[in-house]
Amino acid sequence: MTESVVTTSSLPFADAVPGAVLDADQWGIIVNPDKLVELAQYLRDHEGFDYLSSLTAVDYLGFKDRTADDRFEIVYHLFDTKKGGDGIVLKVRLPESKPEVDSLVKVYPGADLQEREAYDLYGIKFKGHPRLRRILLWEGFHGHPMRKDWKEPYYEAEHKPYKSRWPVGHYQWAEDRVPWGDNINYPKGFDPDAFEPAPLPMPIIHEPPEGSDHIHTERIVVNMGPQHPSTHGVFRMIVALDGETIVGLEPEVGYLHRNHEKLGERNTWLGNIPFTDRLDYLSSMSNNFGYVLAVEKLLGDKGKPPERAEYLRVIMAEFTRIVNHMWAIGFLLNDLGAFFTPALYAIEERELILDLFEAAAGSRMMCNYMRFGGVVRDVDEDWLRKARDIVFNRLDRKVDEFDEYLTGNEILMARCVGVGLLSAEDAIALSACGPMLRASGVPYDLRRARPYSIYDRFEFDVVTDDGCDVYARYKVRLGEIRQSIRILKQALDQIPEGPIMNGKPAYVTRVQKGEAYGAVEGPKGELGFYVVSDGSDNPWRYHVRAPSYINLNTLEHMTIGYKVADSVVILGAIDIVLGETDR
Amino acid sequence: MANENQVPEELQQNVFVTSIDFLYNWSRKNSMWPMLFGLACCAIEMICTAAGRYDLSRFGMEVMRPSPRQADLMIVSGTVTKKMAPIIVRLYNQMAEPRYVLSMGACATGGGPFKEGYNVVSGIDKYLPVDVYVPGCPPTPEALLYGILKLHEKVQRQSIRTVPWYRKDTPRGITIPVLGPDIFLPDRADEIRQITMRQETSEEIAS
């Protein structure tokens, strides 16, 4: 009735852009789709929310109190890289009949890949997006798979545990339920012989500036990947070359798209933890950490972990960072042509840390160690002794060794200094995160900007570098290893005795209705989990803000104008892991 | 024992008589070059297998080749997605005979934890002939080594007279699947059409 007059004036930013803010709830501001761009521009320019962290869609088909008129919701998480703090959540509700909204690419260029993902998986059209094509799946795939009414071929029921397996246990093979006996499904009337595949996407050509000493040659388009020794997995670049100079680059991902989010909605809350291990498979502990933090926000006091568990989490997360950065540096050298020898040095330490993970969690890589309200297993005195031995006696020397061998190395400097420049403004605008952002001189680290867990108790520095190039990224990673060792030393000294779980371990977690965004500063950057709960045993929406994926926004920007050999190094310095990129 | 008699006594310390099969297989198995090609999590364990602690070069296998033309063994290390499957099949076709496939981990073997995903192939053996399966998620480097040793045993037992790649009736390539509305094999078009052209929609069958 009087909602438009009475409540609107009390809404945040109601006066900024007339008619932009429609409503607000405890989780975010609901924005008029037509005024979204204006409001975003205002928030960026006047309120300091310069960083679009996460952009995702939610399908509310069949959700309580939702109708076809507000079936889809696009959720934007904006943050302030200068002041830090909790940021702001914008939501746009779209009807089923016309899921269209203006693209934010002009305000936040970092929205590029995320909008394409929302288009691919939900079929939301972003008006004004320069290349709104499918990204994780391929052009021509039938339907938009993350919609609630789209069922996968092996579909059995909405939620796990499936009745066929628990408690009754009359399991029927999924292959026997589908007519093809395989994980495939074709639309009605599909004729394979009449099928024409879509043409390959061609990169947008950026002409070199006039007057540069560039010799023009015939343009050729080179395909790199998905099977290529330097793309760190199944990543593909379609590169347009002028001589040896890159004039256009089109990243193509999705070759490891394992439907993480769709499976996540079928799984129970607890059942998602082992899947998070397989996101960024080099740093499974950090992934666990991010996910449990997000769900613990919804659990409230029930989810508060005891002291010892907090320390164990920090110890594991920092060990993970060391492992990841060592790997990243080793394989950056691989990309530079020092095939495998530097990587062998890096893997040597990694194995020792993996031994610790194996002793604590039972698995080298897929640790599945954290739970809501704690961790799953305690560590004994022997483990701590071993960990102290590695941290206090070994790792420092190892980093010094790396430093000595590599940092002043002539070849490394010749290949890295001044390559892949990304200014601070561009890094923020393109939503770069983690070492990428800090190597552009932006001191934005979630452990300081929005302290989570017990990071506010530790002394450590946010490592930044003003180099803005590949060399700076290398140095930031090296510096972060040192800071992680610093945190580990404090944590291993202070770790208290006590319980490791809040309450009894349970298979079913009752999560109250609501939504939460929990993020950690993972080794690759801001790893966020956006979860929506309808109060049941399974997430309604489970979205991963994957740092490797969003950092790829910067790739085209950084490689244009460099030689094709540099593109490999630039990609190596982003440090992508395809499990997380493609999810 | 008959062979021993044919070697003069003074040479018996230096000359070794064996079958051509043994020699051929022995040299093949001790210089098997894997393809440098990783798909997912398992690839990390594959790299660790090649690294210092587990040291694949003990078995003559440290030479990982990025080109399929130079590789003998394809280690399918990770989840095979529909988007990737055509490329893997093409890579396999580009490998020269004799070629082997080792399916590493739960995903490559049968889809693993991601089996229900809409973009996941339920095992690479839907498309390629697999020689050795290594279970695990991911398999530890020891498990991969064990799988490789099993492959060595298999190689050692093959006979030059019966191996398929010298026979005339062996097909030379595998049909590459195509990415349509969903992945499909062009040579199975008739089967697909039979179902998609039926009265009830395929969606109804599935749900």
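Letters go in sequence order (proteins before strands), and every chain restarts at 1.
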Q | Options A/Lys262, A/Glu348, A/His257, ranked by heavy-atom pairs under 4.5 Å with chain B, top entry | A | A/His257

**Q.** Options A/Pro197, A/Ser284, A/Gly254, A/Ala198, ranked by heavy-atom pairs under 4.5 Å with chain B, top entry
**A.** A/Gly254

Q | Within-4.5 Å side-chain heavy-atom neighbours: A/Trp327 and B/Ile47 | A | yes

(Q) Using the side-chain hydrogen bond (donor to acceptor under 3.5 Å, both in side chains) criterion, which residues pair with A/Ser286? Sequence neighbours excluded. (A) none

Q. What's the shortest heavy-atom distance between B/Thr196 and A/Pro187, and which atoms?
A. CG2-O, 3.6 Å

**Q.** Contacting moiety of A/Glu156, where chain B heavy atoms sit under 4.5 Å
**A.** neither

Q) Does CZ in B/Arg58 sit with more than 12 non-hydrogen atoms of other residues, nucleotides or ligands closer than 6.0 Å? A) yes

Q. Say you draw a straight line from CG of B/Asp190 to CG of A/Asp193; how long is it, rounded to the nearest 0.5 Å?
A. 7.0 Å

Q | Euclidean distance, B/Ile195 CD1 relative to A/Lys188 NZ, rounded to 0.5 Å | A | 14.0 Å

Q.
Does A/Trp173 have more than 12 heavy atoms from other residues, nucleotides or ligands lying within 6.0 Å of its CH2?
A. no

Q: Output yes when a side-chain donor or acceptor of A/Asn183 lies under 3.5 Å from a complementary backbone atom of B/Gly117, and no otherwise.
A: yes

Q | For chain A, the option from B/Leu39, B/Ile87, B/Leu179 that forms the most heavy-atom pairs under 4.5 Å | A | B/Leu179

Q. Salt bridge between A/Asp355 and B/Arg53, side-chain N to carboxylate O under 4.0 Å?
A. yes

Q: Pick whichever of B/Pro66, B/Cys41, B/Cys48, B/Gly111 has the most heavy-atom pairs under 4.5 Å with chain A.
A: B/Cys41

Q) Heavy-atom distance under 4.5 Å to chain B: side chain of A/Leu282, backbone, both or neither? A) side chain

**Q.** Structural part of A/Arg350 lying under 4.5 Å from a heavy atom of chain B
**A.** side chain

Q) If you tally heavy-atom pairs under 4.5 Å against chain A, which of B/Pro113, B/Pro68, B/Cys107, B/Pro186 wins? A) B/Pro113

(Q) I need the residue from A/Phe141, A/Phe190, A/Tyr154 with the largest number of non-hydrogen atom pairs under 4.5 Å to chain B. (A) A/Phe190

**Q.** Residues of residues 71-86 of chain B near chain A, each having a heavy atom less than 4.5 Å away
**A.** B/Thr79, B/Thr81, B/Lys82, B/Lys83, B/Met84

**Q.** Side chain, backbone, both or neither of A/Glu351 within contact of chain B (heavy atoms, under 4.5 Å)
**A.** both

(Q) Taking side chain as everything from C-beta outward and backbone as N, CA, C, O, which of these in A/Leu256 sits under 4.5 Å from a heavy atom of chain B? Side chain, backbone, both or neither. (A) both

Q.
Is A/Phe331 close to chain B through its backbone or its side chain, or both, or neither, when contacts mean heavy atoms under 4.5 Å?
A. side chain

Q) If you tally heavy-atom pairs under 4.5 Å against chain A, which of B/Glu191, B/Met35, B/Lys126, B/Glu45 wins? A) B/Glu45

Q. Which answer fits A/Arg364, side chain, backbone, both or neither, if we ask what part of it has an atom under 4.5 Å from a heavy atom of chain B?
A. side chain

(Q) With a 3.5 Å distance limit and no angle check, can you tell me whether B/Tyr118 reaches the backbone of A/Ile184 through a side-chain donor-acceptor pair? (A) no

Q: Name the member of A/Phe275, A/Phe340, A/Trp150, A/Tyr281 that forms the most heavy-atom pairs with chain B at distances under 4.5 Å.
A: A/Tyr281

Q | Under 4.5 Å from any heavy atom of chain A - which part of B/Ala40 | A | both

Q) Given that the side chain runs from C-beta out, which part of B/Leu91 has a heavy atom under 4.5 Å from chain A: side chain, backbone, both or neither? A) side chain

Q: State whether the number of non-hydrogen atoms from other residues, nucleotides or ligands found under 6.0 Å of B/Arg188 atom CZ is greater than 12.
A: no

Q) Non-hydrogen atoms of chain B under 4.5 Å away: do they reach the side chain of A/Glu252, the backbone, both or neither? A) side chain

Q.
If we ignore hydrogens and angles and just use 3.5 Å, is the side chain of B/Asn119 paired with the main-chain N or O of A/Leu137 as donor and acceptor?
A. no

Q: Compare all side-chain heavy atoms of B/Cys137 with those of A/Arg278 and state whether any distance is below 4.5 angstrom.
A: yes

Q. Does the side chain of B/Pro181 reach to within under 4.5 Å of the side chain of A/Phe195, using non-hydrogen atoms?
A. yes

Q: Find out whether A/Leu263 and B/Glu116 are in side-chain contact, i.e. whether some heavy atom of one side chain is under 4.5 Å from a heavy atom of the other.
A: yes

Q. Do you know which of B/Leu185, B/Val120, B/Val178 has the most heavy-atom pairs with chain A at a distance under 4.5 angstrom?
A. B/Val120

Q | Over 12 non-hydrogen atoms of neighbours within 6.0 angstrom of OH in A/Tyr345 | A | no

